[in-house]
Amino acid sequence: MANRNPQREAFFQESGVVCANAEQTASAGRLWAAWLESGSVLSLEGPLGAGKTCFVRGLAHGLGHAPSGVSSPTFTLVHEYTGGAIPLLHYDLYRIESVEELEPLGIADDLGATCICAVEWGDKFPQIFPPRTIRIQFTIEGSRRILRALNHSPATSPR
């Protein structure tokens, strides 16, 4: 297949992509920025400290947003980054306890809108996501972070 991307495909292998430090995790986010299009939704799943926010920092950078402005929206629940190639909405559902708490956030309207949505702790509420959501699992093995995409949804060619 001519449009297959070996770097992207590595995320879908059982072994995933190994990141030895924060820069490599951010670099993985920058790679994903090249593969996503407006309307893409990412569910970022894994324990505290696994690199989800670091990945979003790289994603933002790859989309043309200032990476230094990216932080975890644990208390604000959502950060919006505009001014890049595609707007980025960064949600964090860690403190959310029920689906009903999501309604005032407007997340249902944002998923699949004319932006890219990256949702940390998305596995807490899988029922809210559209079918083409890309699930990325973050695991910790010693000092390394392993990133695995759990489903194929977007096109494999960069935009």
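Once rounded to the nearest 0.5 Å, the distance linking CG of Leu77 with CG of Leu102 reads 9.0 Å. For the atom pair Thr25 OG1 and Arg144 CZ, the distance stands at 12.0 Å (nearest 0.5 Å). Ile146 contributes atom CD1, which lies 10.5 Å from atom CD of Gln137 (distance to the nearest 0.5 angstrom). A distance of 10.0 Å separates CG of Leu63 from OG of Ser38, quoted to the nearest 0.5 Å. Put simply, CD on Glu80 and CG on Asp110 are 8.0 Å apart, with the number rounded to the nearest 0.5 Å. Distance CG/Leu105 to CG/Leu89: 11.0 Å, rounded to 0.5 Å.
Using the six-membered ring where Trp is involved, Trp35 and Phe11 have ring planes that are perpendicular, over 60° apart on the 30 and 60° scheme. The aromatic rings of Phe138 and Phe55 stand perpendicular to each other, their planes meeting at an angle above 60°, with 30° marking the opposite boundary.
Note on Val56: it does not cluster hydrophobically with Val41, by side-chain heavy-atom contacts below 4.5 Å among ILVMFWY residues. In this structure, Leu59 is not a member of the same hydrophobic cluster as Trp121, with clusters built from ILVMFWY side-chain heavy atoms closer than 4.5 Å. A continuous path of ILVMFWY side-chain contacts below 4.5 Å connects Ile116 to Trp32, so both sit in one hydrophobic cluster. Leu36 and Phe129 fall into different hydrophobic clusters, where Ile, Leu, Val, Met, Phe, Trp and Tyr side chains are chained together by heavy-atom contacts under 4.5 Å. Tyr91 and Ile134 fall into different hydrophobic clusters, defined by Ile, Leu, Val, Met, Phe, Trp and Tyr side-chain heavy atoms under 4.5 Å apart, directly or through other members.
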Discussion item. Could you walk me through whether Glu120 and Ser72 satisfy the side-chain hydrogen bond (donor to acceptor under 3.5 Å, both in side chains) test, starting with their C-alpha distance in whole Å, then the side-chain angles of each, then the deciding distance to 0.1 Å, before giving a yes or no?
Written reply: CA-CA 9 Å; Glu120 295 189 35; Ser72 176; 4.5 Å; no

Item to complete: Walk me through it: do Glu23 and Arg57 pass the test salt bridge (Lys or Arg N to Asp or Glu O under 4.0 Å)?
Response: CA-CA 10 Å; Glu23 178 49 41; Arg57 192 170 293 119; over 6 Å; no

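Heavy atoms only, all atoms of each residue included: Ser43 and Gly122 are closest at OG-CA, 3.3 Å. Looking at every heavy atom in both residues, Val70 comes nearest to His90 through CG1-ND1, 4.3 Å. Residues Ile140 and Pro47 approach most closely at CD1-CG, 4.0 Å, considering heavy atoms. Between Val18 and Gln24 the shortest heavy-atom distance is O-OE1, 3.9 Å. Between Lys124 and Leu93, the shortest heavy-atom contact is NZ-O, 3.2 Å.
Using a 4.5 Å heavy-atom threshold, the side chains of Leu147 and Cys19 count as touching. The closest side-chain heavy-atom distance from Leu31 to Gln7 is below 4.5 Å. Two residues are said to be in side-chain contact when any heavy atoms from C-beta on lie closer than 4.5 Å; Gln127 and Val99 meet this criterion.
Heavy-atom neighbours of Tyr94 OH from other residues, nucleotides or ligands within 6.0 Å: at or below the threshold of 12.
A salt bridge is absent between Arg148 and Glu45: the closest approach of a Lys/Arg side-chain nitrogen to an acidic carboxylate oxygen does not fall below 4.0 angstrom.
Panel note: side chain Glu103, backbone Glu100; no donor-acceptor pair is recorded below 3.5 Å.
A side chain to side chain contact (heavy atoms under 4.5 Å, CB included) with Val119 is found for exactly one of Leu42, Val78, Leu111, namely Leu111.
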